[in-house]
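Because the structure is a prediction, the values reported are computed rather than measured. Index from 1, following the sequence. We count ligands from 1, going down the list as the structure has it; atoms in each ligand are counted the same way.
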Amino acid sequence: MLNIVLFGPPGAGKGTQSERLVEKYQLKHLSTGDIFRANIKGETELGVLAKSFIDRGALVPDEVTIQMLESEVDQNPDANGFIFDGFPRTTAQAEALDAFLAGRSTEITKMLALEVAEDELRVRLAKRAEVSGRPDDANPEVIQNRINVYNNETAPVAEYYKSQGKYQGINGVGSIDEITSRLFDAIDA
Ligand code: ADP
């Protein structure tokens with residue numbers, strides 16, 4: 001199985017690039033952000049809970065997020081592999097994912113981390129706000145909070161995969177096609 005963690009700060013381009021990777025490698029794309037938004041739209045219990053965190057740019061609690069992700073993996077027993085997009089976002093999530101995958105006789109192949117400077121992220125998120133309809137893109141304070149949460153809670157997850165020798169940084173600035181081919185090269189290497 002090819003199991004990729006596509007990592008990077010909010011606005012790094014994980015969603016866009018995931019589509020390209022899915023097409024080329026026939027993987028199942030699991031975006032925790034997308035799953036939460038679908039639950040918010042459907043007004044499920046999970047959605048109501050998640051919304052209260054997402055709207056202020058905070059993380060949804062680990063316990064809820066981990067359980068949701070694991071259930072999504074188990075709903076796709078025939079997948080060739082997965083792209084984890086937006087997960088793991090804390091070290092506790094990374095540890096839980098390792099244990100869970102080990103229980104299914106598989107593991108993370110690689111973490112590919114899209115690297116984009118903070119100023120560029122703010123520009124991209126403000127632009128995305130014009131089309132995404134996402135309340136968490138529309139408010140500069142919420143955007144700043146997401147960037148802070150990334151720096152404090154999520155960036156350490158890179159260290160976790162570095163210590164396993166699975167981390168690879170990818171320059172996330174350039175055209176969409178250029179970045180896609182950097183990702184393909186990293187996977188095929
Ligand atoms: P982005 O990467 O652009 O910030 P996402 O769509 O990945 O957006 O996530 C949107 C929001 O959903 C996050 O700000 C957070 O509140 C919540 N979320 C997504 N993934 C996780 C996760 N793994 N753990 C906790 N909260 C999450």
Please answer whether the main-chain N or O of Q168 pairs with a side-chain N or O of K110 as donor and acceptor at a distance below 3.5 Å.
no
In a simple table, one pair per line, please give the protein and ligand 1 atom names for every N or O pair closer than 3.5 Å, along with the distance.
unit_1, atom_1, unit_2, atom_2, d
ligand 1, 2 (O), K14, NZ, 3.2
ligand 1, 2 (O), R89, NH2, 3.1
ligand 1, 3 (O), R128, NH2, 2.9
ligand 1, 3 (O), R146, NH2, 3.2
ligand 1, 4 (O), R89, NH2, 3.4
ligand 1, 4 (O), R146, NE, 3.4
ligand 1, 4 (O), R146, NH2, 2.9
ligand 1, 6 (O), R37, NH1, 2.8
ligand 1, 6 (O), R37, NH2, 2.9
ligand 1, 7 (O), R89, NH1, 3.2
ligand 1, 7 (O), R89, NH2, 3.4
ligand 1, 8 (O), R134, NH2, 3.1
ligand 1, 16 (O), A58, O, 2.5
ligand 1, 20 (N), T32, OG1, 2.7
ligand 1, 20 (N), G86, O, 3.3
ligand 1, 20 (N), R89, NH1, 3.1
ligand 1, 23 (N), G86, O, 2.8
ligand 1, 23 (N), Q93, OE1, 2.9
ligand 1, 24 (N), Q93, NE2, 2.9
ligand 1, 26 (N), V60, N, 3.0

Closest approach of R146 to P10 (non-hydrogen atoms, all atoms of both residues)
NH2-CB, 3.8 Å
Under 3.5 Å donor-acceptor, N80 side chain and Q26 backbone
yes
Below 4.0 angstrom, N of the basic side chain to O of the carboxylate: do E23 and R20 qualify?
no
Could you check whether D98 pairs with K166 (Lys NZ or Arg NE/NH1/NH2 to Asp/Glu carboxylate O, under 4.0 Å)?
no
For F184, the ring pair (Phe, Tyr, Trp, His ring centres under 6.0 Å) test, sequence neighbours excluded, returns Y25
